[in-house]
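Heads up: the structure comes next, in structure tokens.
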Amino acid sequence: MDALCDSKDVIIAGIMQHIEEAGIHSGDSSCVLPAVSIREKHAGNAAHLYAQAGSGAQGVGLVNLQFAIQRDALGEDHVYVIEVNPRASRTVPYVSKATGIPLAKIASRLNDRPQALASYCPRS
């Protein structure tokens with residue numbers, strides 16, 4: 001999941017889903033955007049965790065969150081945050097192209113105008 005943060009707001013730019021198991025590195029697997037089989041409640045749960053992590057860190061700019069969903073023996077799904085990176089990831093160009101949102105450009109402008117995220121990104 002890639003997002004833009006200013007010191008008060010977080011906007012989720014996109015969720016890219018692995019469609020095969022990763023090898024040694026997550027870059028070793030194929031991914032799709034938008035996610036095809038992540039349930040809406042799980043995406044919402046991850047987005048909530050993401051918003052907490054992003055605003056709690058008072059970060060400005062691009063943030064990348066990696067999460068996993070594991071189904072237990074009773075069929076209940078659990079969302080686990082693997083890592084939160086306060087930087088751009090290699091997925092930013094793909095998310096930007098798929099969504100039409102110039103993430104890197106907006107992130108660079110946030111450095112000059114923190115708390116201006118709403119003026120750069122329309123809310124959906």
Side-chain angles (χ1 to χ4, degrees):
M1 181 182 299
D2 288 299
L4 286 162
C5 302
D6 63 14
S7 55
K8 68 175 191 157
D9 291 320
V10 176
I11 294 178
I12 306 300
I15 300 174
M16 186 177 286
Q17 179 184 356
H18 288 266
I19 56 172
E20 64 180 357
E21 292 187 21
I24 295 172
H25 188 273
S26 61
D28 294 341
S29 71
S30 297
C31 300
V32 294
L33 177 75
V36 293
S37 65
I38 294 177
R39 295 181 184 165
E40 191 171 321
K41 69 177 185 176
H42 298 320
N45 187 4
H48 175 72
L49 294 170
Y50 202 75
Q52 285 181 320
S55 59
Q58 295 295 313
V60 174
L62 285 161
V63 182
N64 174 265
L65 175 127
Q66 294 180 32
F67 65 95
I69 301 169
Q70 182 180 33
R71 182 164 291 149
D72 65 21
L74 301 174
E76 294 291 320
D77 293 338
H78 302 275
V79 177
Y80 297 96
V81 174
I82 298 169
E83 64 181 352
V84 178
N85 297 305
R87 58 170 174 75
S89 70
R90 73 188 89 219
T91 58
V92 167
Y94 300 109
V95 174
S96 289
K97 187 165 187 163
T99 63
I101 299 170
L103 299 172
K105 183 177 185 177
I106 295 169
S108 66
R109 289 183 177 171
L110 286 174
N111 287 323
D112 294 331
R113 290 184 58 210
Q115 297 187 1
L117 187 55
S119 67
Y120 296 123
C121 296
R123 294 197 183 265
S124 55

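Every heavy atom of this structure was used, including side-chain atoms; hydrogens, water molecules and symmetry mates were not. None of the values given here were measured: they were computed from a predicted structure.
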>> Rounded at 0.5 Å granularity, tell me how far CD in Gln17 sits from CD1 in Ile38.
In response: 4.0 Å

> How far apart are the closest heavy atoms of Gly61 and Ala107, and which atoms are they?
Replying inline: CA-CB, 4.1 Å

> Between Val95, Ile101, Ile15, which is the residue that forms a side-chain contact (heavy atoms from CB on, under 4.5 Å) with Asp2?
Replying inline: Val95

>> Listing request: all salt bridge (charged side-chain N to carboxylate O under 4.0 Å, His left out) pairs with a residue in residues 93-106, at least two apart in sequence or in separate chains.
In response: none

>> Going by side chain to side chain contact (heavy atoms under 4.5 Å, CB included), name the residues that satisfy it together with Ser108, two or more places apart in sequence or in a different chain.
In response: none

> Between Leu4 and Leu103, is any pair of side-chain heavy atoms under 4.5 Å apart?
Replying inline: yes

>> Return the CE to CG distance between Met1 and Leu33, rounded to the nearest 0.5 Å.
In response: 11.5 Å

>> For Ser89 versus Asn64, what's the shortest heavy-atom pair and its separation?
In response: OG-ND2, 3.2 Å

> Distance from Glu83 atom CD to Leu65 atom CG, nearest 0.5 Å?
Replying inline: 8.5 Å

> What are the two closest non-hydrogen atoms of Val84 and Pro86, and how far apart are they?
Replying inline: O-CD, 3.8 Å

>> Looking at Ile82, is its backbone amide N or carbonyl O close enough to the side chain of Gln66 to form a donor-acceptor pair, meaning the two atoms are under 3.5 Å apart?
In response: no

> Can you tell me how far the CD1 atom of Ile12 sits from the OG1 atom of Thr99, to the nearest 0.5 Å?
Replying inline: 12.5 Å

>> Is it the case that the side chain of Asn85 and the backbone of Arg87 share a donor-acceptor pair, with hydrogens and angles ignored and the cut-off at 3.5 Å?
In response: no

> Got a sec, which residues hit side chain to side chain contact (heavy atoms under 4.5 Å, CB included) with Gln70, two or more places apart in sequence or on another chain?
Replying inline: Tyr80

